[in-house]
Amino acid sequence: MWCLIITPLRALSSVAVHNAAGGVAAVATTKWLVLHLCVGDVWNTINNVEGRLGTSALLVPLVLLSALNAGRQYAAVSAKAGVMLTATVGWLSVATCLIWRTWQINKRDGKRDVLLPRKDGRRTRFVFED
């Protein structure tokens, strides 16, 4: 779903903002989408690479809020772009519920993963480090 629907919607909404701004780069508006993408990438690393379910559950609402804000900023320039970009919020709402529930039902050694980040010996390893 993500690659087939959400990614094209981000591109199309950015084109709509660009066109509504008179064909110039609407940097002040698109920076909010970039911020949302950055927040999403940090969350993705915490959840999928590091496997920190607690911290992931704590931070996933920020992904949702950053998407809402980006959609609001896009809507201020172009209503059509705002609607397209805000369509991701539906999926992110479901994802937020799923992540929280996953954290609640999964336990390691009989305990839930802690919500706050901590040092525990796990470390993110990048491809270029090998």
Side-chain angles (χ1 to χ4, degrees):
M1 175 178 161
W2 205 252
C3 291
L4 296 175
I5 297 170
I6 304 301
T7 303
L9 284 176
R10 288 176 177 163
L12 292 170
S13 62
S14 295
V15 169
V17 164
H18 176 76
N19 291 340
V24 296
V27 176
T29 303
T30 54
K31 72 179 179 182
W32 294 108
L33 176 61
V34 172
L35 177 65
H36 164 63
L37 296 175
C38 291
V39 170
D41 283 349
V42 168
W43 175 83
N44 190 49
T45 299
I46 291 168
N47 187 63
N48 298 324
V49 175
E50 296 176 350
R52 298 174 187 269
L53 297 179
T55 306
S56 170
L58 184 66
L59 295 179
V60 73
L62 291 178
V63 178
L64 177 61
L65 290 174
S66 67
L68 279 168
N69 182 54
R72 192 177 125 256
Q73 298 296 328
Y74 269 45
V77 176
S78 166
K80 184 169 108 177
V83 169
M84 282 191 283
L85 193 57
T86 308
T88 63
V89 172
W91 163 245
L92 289 172
S93 298
V94 171
T96 299
C97 295
L98 289 171
I99 293 299
W100 270 95
R101 191 64 186 133
T102 300
W103 170 71
Q104 289 174 337
I105 64 175
N106 284 288
K107 297 179 180 178
R108 291 184 187 152
D109 300 325
K111 297 179 184 176
R112 285 191 187 122
D113 203 14
V114 296
L115 290 172
L116 298 176
R118 71 203 178 289
K119 288 188 176 185
D120 62 357
R122 287 187 278 177
R123 182 177 174 282
T124 300
R125 297 203 49 87
F126 298 100
V127 174
F128 55 83
E129 290 182 316
D130 293 333

Shortest non-hydrogen contact from [X] toward [Y]:
X    : Y    : value
V63  : S66  : O-OG, 2.9 Å
D113 : W103 : O-NE1, 2.6 Å
S93  : L64  : OG-CD1, 3.8 Å
R72  : N69  : NH1-OD1, 3.0 Å
W43  : S56  : NE1-OG, 2.8 Å

Linking I/L/V/M/F/W/Y whenever their side-chain heavy atoms sit closer than 4.5 Å, directly or via other members, would [X] and [Y] fall into one cluster?
X    : Y   : result
V15  : L12 : no
W100 : V42 : yes
I6   : V83 : no
I46  : L35 : yes

Tell me who clusters with Y74, hydrophobic residues only, linked when side chains sit under 4.5 Å apart either directly or through other members. V17, L33, L37, V77, L85
Would you say the side chain of R10 lies within less than 4.5 Å of the side chain of H36, judging by non-hydrogen atoms? yes
Would you mind reporting whether L65 and L68 have side-chain heavy atoms less than 4.5 Å apart? yes
Sorted by chain and residue number, the side chain to side chain contact (heavy atoms under 4.5 Å, CB included) partners of N106 (sequence neighbours excluded) come out as L53, T102
For a side chain to side chain contact (heavy atoms under 4.5 Å, CB included) with M84, tell me which candidate from S14, S13, S78 qualifies.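 Among S14, S13, S78, the one that satisfies the side chain to side chain contact (heavy atoms under 4.5 Å, CB included) with M84 is S13.
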Return the CG to CG distance between L115 and L59, rounded to the nearest 0.5 Å. 9.5 Å
